[in-house]
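All chains are named by letter (A, B, ...) in the order of the sequence lines, taking the proteins before the strands, and each is independently numbered beginning at 1. Predicted model, so just to flag it, every value in this text is computed and none were measured.
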2 protein chains.
Amino acid sequence: MGASLKDVAMRAGVSVRTVSNVVNDFPQVAPETRRRVQQALEELQYRPNAAARLLRAGRSGLVGLVIPEIDSPYFGELASLLVQAAQQYGWTLLVDQTNGDPDRERLLLDGLPGQIVDGLVMSPWALSPAELRRRADAVPLVLLGEQDAAGLIDHVSVDSVAAAAEATDHLIGLGRRRIAAIGVQPHLANGTAQQRIAGYRQALGAAGIACDPALEMPVTALHRADGARAMRELLEGGHAPDAVFCFSDQLALGALRAALDHGLAVPRDLAVCGFDDIEDGRYATPSLTTVAPDKTGIAERALACLADRLKRPAAGAGRRPDPAAPSGDTPPPARKIVAAHRLVVRESTAGRRG
Amino acid sequence: MGASLKDVAMRAGVSVRTVSNVVNDFPQVAPETRRRVQQALEELQYRPNAAARLLRAGRSGLVGLVIPEIDSPYFGELASLLVQAAQQYGWTLLVDQTNGDPDRERLLLDGLPGQIVDGLVMSPWALSPAELRRRADAVPLVLLGEQDAAGLIDHVSVDSVAAAAEATDHLIGLGRRRIAAIGVQPHLANGTAQQRIAGYRQALGAAGIACDPALEMPVTALHRADGARAMRELLEGGHAPDAVFCFSDQLALGALRAALDHGLAVPRDLAVCGFDDIEDGRYATPSLTTVAPDKTGIAERALACLADRLKRPAAGAGRRPDPAAPSGDTPPPARKIVAAHRLVVRESTAGRRG
DNA sequence: AACGTTGCATGCAACGATGCAATATGGATG
DNA sequence: CATCCATATTGCATCGTTGCATGCAACGTT
């Protein structure tokens, strides 16, 4: 293990406290002493012990990001933006994935990772709002995604209902009438699929098109394979649609590939629209029309939320709140931030290439 | 902040030590006492303080993964596999990205994140072997990728030279003769590009094909845009190749798109081969031939390496090594593990679809 | 009755860094 | 020469937890 303040102090012939003063750039140190101490620091390669500092100060400068899947392009891109946004605040962002396992979501929130960070950004998958609310007293938490914690936890998302409606509208505007939806997840409580199917139905209804349950395809996950499977079922079931709105770009890319394999021309025979605007979609052939959430905005506003909470009493680990202090300083109410989105029309719903 | 052992002890009317004994499941606690303490623990929602435990015990159960880009599909997939492998050891894996910035690589190694973890897995980008070696005494470190630390640090990689040669051989076997390479990075010291271009040249040489410098395309990064740009230059420069080996699948997907945009048929006019076997490549049209590293194997063996080091004296933070102990217990020498790879032939170099 | 044994509970110290308050210097002033 | 001040340096206590050693009963054995 590395050298401690004590080791450096012995070497420099001063007290532990003086070394600490040098390390923390306190002004009241004689130039000669400072020089000697700095040399000892250098020689022993001193690095402050993170655990001790954390214990004492209650702040780590770390922020956690908890997402279902690191290898999903959408979350990967978001994580990357969050890492960069965190740097502007002087924080280091650490990422972990839950695989949608509720036990793991709990573990990361309450366990060690959730303790050493000053704040958490989380995209919940399986944890119920009730469980999320239970830990309102721990480190500041910002939720991403459609899951709503009843206004008790800061929350950043896009308006999925409106976005899904816009996407569906766009397909209707192309003259399509048999518009399928891929990505229904009735067993999941996290709200994403529910809101997107609601927007889809709403747009169909507004255009006077009847909803056909056979066109609403459920999936178990949001991967390319699930999209391909759903598309094959649609095509083999004799319910061939003339357009499809997929609740994620990954689903759309899988569906696209299945449609091409089936001999369909996209967009002539089938228009395809996704959701997320991941990079793959821009380079696919044909390139993918999609709903683009303002990822940069989501990242920045999520961290701005955290920063706001952290400016407050700190509520960190170290210092216990003074019981004599007037605790009338109510924390600000939970915010519900809606980030921007826009429909990006590309080849998969436009004309021929170009 | 949450309740401490002291708070629980007061509530249960026992000593701090006894509460600790209950929390840690020590046998020597009377059933009645245990019950009372457990109730107090429950009522106060006690959670052990991570910082204190870490300071005291020197172990956190955390493992860090430091990669250049979280949003690169290859690293995303690898990170996901590492998270899962870590769970089998009872560790929690935290991920951070450096963007290839050497300062940030240093910061993550030496700074707080590098201190609280029991071990680190890192894919270095810009840090020189010398700098990596400098910290051989800190937490156990396993390197991923082609960067070689002169046998002083555990290291897991694939045989990039052989893999690149196989890929090139495959293209030669299709009858192609003007085979381009995309992904040269002369200014980078991390070895990846160097090894792959070496394998490429070696295969060409063995087949008696002269190397054409105009076919070796440099890139600044390994993204789709870079691949597309390089391919456009090749096509517009009058040096049109009949095959291209890209040093990453992302480069290949970009090159593929650029080629299709240029009116080429793939693989008829141009065969395309990538490296990494990311999921996008499997669903692209045409699907992408690629070198598939055994990612699961890489993840498992990297963590096995760490586990091996951690079984040793621990060298963790807390306990200072006993100076009286016979220190003849030399740590095992650094291992150099070569993971498997195989060429996966798909549509982009095979015949027509199917 | 004296002794060792066992089971249970506790006290002390330490991990490394830092806030606070107190001390040791030197010099300037009355 | 005593006094005071400012600057420079230090000791002590503390954060929450756990290793080690000890205290203290009640029990069984000789």
Side-chain angles (χ1 to χ4, degrees), chain A residues 1-37 40-41 44-61 111-112 115-116 314-322, chain B residues 1-37 40-41 44-61 111-112 115-116 314-322:
Chain A
M1 63 172 303
S4 72
L5 282 185
K6 200 177 4 179
D7 301 326
V8 178
M10 295 224 322
R11 175 143 198 149
V14 295
S15 77
V16 171
R17 198 56 249 251
T18 300
V19 180
S20 171
N21 287 340
V22 172
V23 171
N24 292 57
D25 268 330
F26 282 19
Q28 311 276 64
V29 179
E32 161 60 13
T33 312
R34 161 161 284 134
R35 203 195 51 70
R36 255 199 0 263
V37 171
L41 286 171
L44 295 179
Q45 293 259 0
Y46 171 78
R47 300 268 175 273
N49 179 297
R53 273 210 168 151
L54 177 54
L55 174 60
R56 190 57 219 188
R59 291 253 177 140
S60 62
L112 201 149
Q115 294 235 349
I116 57 172
R319 214 119 291 285
R320 195 167 292 255
D322 183 356
Chain B
M1 64 171 305
S4 73
L5 283 184
K6 197 174 8 178
D7 302 325
V8 177
M10 296 223 322
R11 175 143 197 150
V14 295
S15 77
V16 171
R17 200 55 251 248
T18 301
V19 180
S20 171
N21 286 340
V22 172
V23 171
N24 292 57
D25 268 331
F26 283 19
Q28 307 277 70
V29 179
E32 160 61 13
T33 313
R34 162 161 282 137
R35 203 195 49 72
R36 259 207 345 271
V37 171
L41 285 171
L44 295 179
Q45 292 260 358
Y46 172 78
R47 301 266 175 275
N49 179 298
R53 271 207 169 156
L54 176 53
L55 174 60
R56 184 62 215 189
R59 291 254 177 138
S60 63
L112 203 150
Q115 295 235 348
I116 56 172
R319 212 120 292 285
R320 196 167 288 255
D322 182 357

Between [atom2] of [N] and [atom1] of [X], the distance in whole Å:
{"X": "B/Ile116", "N": "C/dC15", "atom1": "CD1", "atom2": "P", "value": "21 Å"}
{"X": "B/Leu5", "N": "D/dC15", "atom1": "CG", "atom2": "C1'", "value": "12 Å"}
{"X": "A/Leu55", "N": "C/dA17", "atom1": "CG", "atom2": "P", "value": "12 Å"}
{"X": "B/Gln115", "N": "C/dG16", "atom1": "CD", "atom2": "C1'", "value": "11 Å"}
{"X": "B/Tyr46", "N": "D/dG16", "atom1": "OH", "atom2": "C1'", "value": "7 Å"}
{"X": "A/Arg34", "N": "D/dT7", "atom1": "CZ", "atom2": "P", "value": "14 Å"}
{"X": "A/Arg35", "N": "D/dT9", "atom1": "CZ", "atom2": "P", "value": "13 Å"}
{"X": "A/Gln28", "N": "D/dT10", "atom1": "CD", "atom2": "P", "value": "14 Å"}

Quiz item: Which of these nucleotides, D/dT9, C/dA17, D/dG16, is closest to any side-chain atom of A/Arg56?
Solution: C/dA17

Quiz prompt | Nearest-nucleotide pick for B/Lys6, side chain only, options being D/dG19, D/dT17, D/dC15 | solution = D/dC15

Practice problem: List in numerical order all residues of residues 11-22 of chain A for which some heavy atom is under 4.0 Å away from an atom belonging to DNA chain C. | Solution: A/Val16, A/Arg17, A/Ser20

Closest non-hydrogen atom pair, [X] against [Y]:
{"X": "B/Leu5", "Y": "B/Ser20", "result": "CD1-CB, 3.9 Å"}
{"X": "A/Val8", "Y": "A/Ala40", "result": "CG1-CB, 3.9 Å"}
{"X": "B/Ala9", "Y": "B/Val19", "result": "CA-CG2, 3.6 Å"}
{"X": "A/Ser60", "Y": "A/Leu54", "result": "CB-CD1, 3.7 Å"}

Might you list the N or O atoms of the protein lying below 3.5 Å from N or O atoms in nucleotides 22-26 of chain C, with each pair's distance?
none

Quiz prompt | B/Arg53: partners by side chain to side chain contact (heavy atoms under 4.5 Å, CB included), with sequence neighbours left out | solution = B/Val23, B/Asn24, B/Pro48

Practice problem: For A/Glu32, check side chain to side chain contact (heavy atoms under 4.5 Å, CB included) against everything at least two apart and list the hits. | Solution: A/Arg35, A/Arg36

Quiz prompt | Straight-line distance of A/Arg56 CZ to B/Leu55 CG, nearest 0.5 Å | solution = 12.0 Å

Self-check item: Approximate separation, where rounding is to 0.5 Å, of B/Thr18 OG1 and B/Arg34 CZ
Solution: 11.0 Å

Quiz item: Between the two end axes of the helix from C/dA1-D/dT30 to C/dG30-D/dC1, each built from 5 base pairs, what angle do you get to the nearest 10°?
Solution: 70°

Quiz item: Does the side chain of A/Arg53 get closer than 4.0 angstrom to OP1 or OP2 of C/dG16 through an N or O atom?
Solution: no

Exercise. Would you please confirm or rule out a distance under 4.0 Å between OP1 or OP2 of D/dT18 and any side-chain N or O of B/Asn24?
Key: yes

Practice problem: Remember a base hit wins even if backbone is also touched, and classify B/Val29 as base, sugar-phosphate or nothing at under 4.0 Å, heavy atoms. | Solution: sugar-phosphate

Quiz prompt | Residue pairs involving residues 11-29 of chain A (criterion salt bridge (Lys or Arg N to Asp or Glu O under 4.0 Å); sequence neighbours excluded) | solution = A/Arg11-A/Glu43

